[in-house]
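We use all heavy atoms of the structure for the numbers below, so side chains are in, but hydrogens, waters and symmetry mates are not. Every chain is numbered from 1, with letters handed out A, B, ... down the list of sequences.
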Protein chains: 2
Amino acid sequence: MAMELDRCGITCIHEEAVEEVQKAMLGEDVAGSLAELFKALGDPTRVKILFALMTRELCVCDIALVIGVSESAVSHQLRVLRTMRLIKFRREGRILWYSLADSHVRGLFAQGLEHVTE
Amino acid sequence: MAMELDRCGITCIHEEAVEEVQKAMLGEDVAGSLAELFKALGDPTRVKILFALMTRELCVCDIALVIGVSESAVSHQLRVLRTMRLIKFRREGRILWYSLADSHVRGLFAQGLEHVTE
DNA sequence: GCCACATATGATCATCTGTTCATATATCAT
DNA sequence: ATGATATATGAACAGATGATCATATGTGGC
């Protein structure tokens, strides 16, 4: 919060490095949005839900069975995934079929898995 | 935790869907690792640190100045990024120069930014 | 040895997160 | 309308998280 850009007390500054990085730096808002997106992906339950949906669309109780958690827990997590526009759904009677919103999740998971399994 | 695969009480199962997804499903351990990775990326301070390091290597106090948080806070966050093998460092005297560990961060950020800014 | 500097670590604490349980909403069948 | 099913929502509570402050470690210079 305290942006002391006059660098009171800080001594080991490498000026050109700092300036160069400052220029390319992303804004507070974008950094926040990015962090929110990754935070949404940063939970085992949500990872499993998304991975399950990578195979095919599923209803809530199918997801609950596949990943082994309560339907209520799944529903709560589906909401945060929906909020982040990571998934979408279509209604068929009283059943809601959930699916991935776009291809970004696949890309992110692919990159993530590469890093994790190397 | 309670894997009731005999589906006591659960009625809206679509058997073939569940079986098909089960086959392709990732293991508990991999899901956990993936979630941990994304969780490490899921904080504004760490996002800013990583983004800063995308431009060039930096020492701790430069990072602190660039992103506007205390050096202690930076140091704490650098540890979680190190633990996830997202960054590495080299020593030069009493200064530690931090940099990205590999190219996965760039890929993840690129995908993430695409999703966020669409 | 001593001191200053650069960074790391540990404790504390307020805030956030995810599950559970209870309850509400919406849809279909009778 | 009534009841059953599929899902959503709200409250509550334990556990995790991130900044701060104080302290410790490691390095170089004297």
Could you tell me how far apart A/Lys48 (NZ) and C/dT19 (C1') are, to the nearest whole angstrom? 13 Å

How close or far is atom P of C/dA8 from atom CD1 of B/Ile49, stated in whole angstroms? 11 Å

Identify, with sequence neighbours excluded, every residue that meets side-chain contact (heavy atoms from CB on, under 4.5 Å) alongside A/Ser70. A/Ser72, A/Ala73

Interatomic distance where CD belongs to B/Glu36 and P belongs to D/dA16 [whole Å]: 12 Å

The nucleotide from D/dT7, D/dT9, C/dT7 with an atom nearest the side chain of B/Ile95 is C/dT7

Close side-chain approach of B/Lys88 and B/Trp97, heavy atoms under 4.5 Å: no

With side chains defined as the heavy atoms from C-beta onward, is the minimum distance between A/Leu81 and A/Leu53 less than 4.5 Å? no

Check the distance between D/dT7's C1' and A/Leu58's CG and give it to me in whole angstrom. 15 Å

Quick one: ring-ring contact (aromatic ring centres under 6.0 Å, His included) partners of B/Tyr98, sequence neighbours excluded? B/Phe89

What is the distance from CD of A/Glu71 to P of C/dA22, rounded to the nearest Å? 16 Å

Please list every donor-acceptor pair under 3.5 Å in which a side-chain atom of residues 109-118 of chain B meets a protein atom from a residue at least two apart or in another chain.
{"residue": "B/Glu114", "atom": "OE1", "partner": "A/His104", "partner atom": "NE2", "Å": "3.2"}
{"residue": "B/His115", "atom": "ND1", "partner": "A/Asp102", "partner atom": "OD2", "Å": "3.3"}
{"residue": "B/His115", "atom": "ND1", "partner": "A/His104", "partner atom": "ND1", "Å": "3.2"}
{"residue": "B/His115", "atom": "NE2", "partner": "A/Met84", "partner atom": "O", "Å": "3.1"}
{"residue": "B/Thr117", "atom": "OG1", "partner": "B/Leu113", "partner atom": "O", "Å": "2.7"}

Which of C/dT20, D/dT7, C/dT7 is nearest the side chain of B/Val60? It is C/dT7

Atom pairs and distances, side-chain donor-acceptor, residues 25-40 of chain B, under 3.5 Å, sequence neighbours left out:
{"residue": "B/Glu28", "atom": "OE1", "partner": "A/Lys48", "partner atom": "NZ", "Å": "3.3"}
{"residue": "B/Glu28", "atom": "OE2", "partner": "A/Lys48", "partner atom": "NZ", "Å": "2.9"}
{"residue": "B/Ser33", "atom": "OG", "partner": "B/Asp29", "partner atom": "O", "Å": "3.0"}

Just to verify, what does A/Gln77 make a side-chain hydrogen bond (donor to acceptor under 3.5 Å, both in side chains) with, not counting sequence neighbours? A/Arg46

Protein-nucleotide distance (A/Ile13, atom CD1; C/dC5, atom C1'), rounded to Å: 13 Å

Contacts of A/Ser75 meeting side-chain contact (heavy atoms from CB on, under 4.5 Å) (sequence neighbours excluded), chain-then-number -> none

Looking only at side-chain N and O atoms, does B/Tyr98 come under 4.0 Å of OP1 or OP2 in C/dA6? no

Produce the list of close N/O pairs, under 3.5 Å, pairing protein atoms with atoms of nucleotides 10-18 of chain C; give distances to one decimal.
{"residue": "C/dG10", "atom": "O6", "partner": "B/His76", "partner atom": "NE2", "Å": "2.6"}
{"residue": "C/dG18", "atom": "OP1", "partner": "A/Arg46", "partner atom": "NH1", "Å": "3.3"}
{"residue": "C/dG18", "atom": "OP1", "partner": "A/Arg46", "partner atom": "NH2", "Å": "2.8"}
{"residue": "C/dG18", "atom": "OP2", "partner": "A/Arg46", "partner atom": "NH1", "Å": "3.2"}

Each nucleotide N or O in nucleotides 27-30 of chain D that has a protein N or O under 3.5 Å away: list the pair and distance.
none

Dot-bracket summary - DNA chain D, pairs being Watson-Crick or G-U whose distances fall under 3.5 Å, with | when paired to another strand: ||||||||||||||||||||||||||||||

From CG of B/Leu96 across to C1' of C/dA8 the rounded distance in Å is 9 Å

Take A/Ser70 and B/Phe89, find for each the nucleotide of DNA chain C with the closest heavy atom, and name the residue whose nucleotide sits nearer the 5' end. B/Phe89

Separation between CD1 of A/Ile67 and CD1 of A/Ile49, rounded to the nearest 0.5 Å: 4.5 Å

side-chain hydrogen bond (donor to acceptor under 3.5 Å, both in side chains) partners of A/Glu57, counting only residues at least two apart: A/Arg90

Any residue meeting salt bridge (charged side-chain N to carboxylate O under 4.0 Å, His left out) with B/Arg56, in chain and number order, not counting sequence neighbours: A/Glu20

Please give, in whole Å, the distance from D/dT25 P to B/Leu78 CG? 20 Å

Among residues at least two apart in sequence or on other chains, which ones pass side-chain contact (heavy atoms from CB on, under 4.5 Å) with A/Ala24? B/Thr55

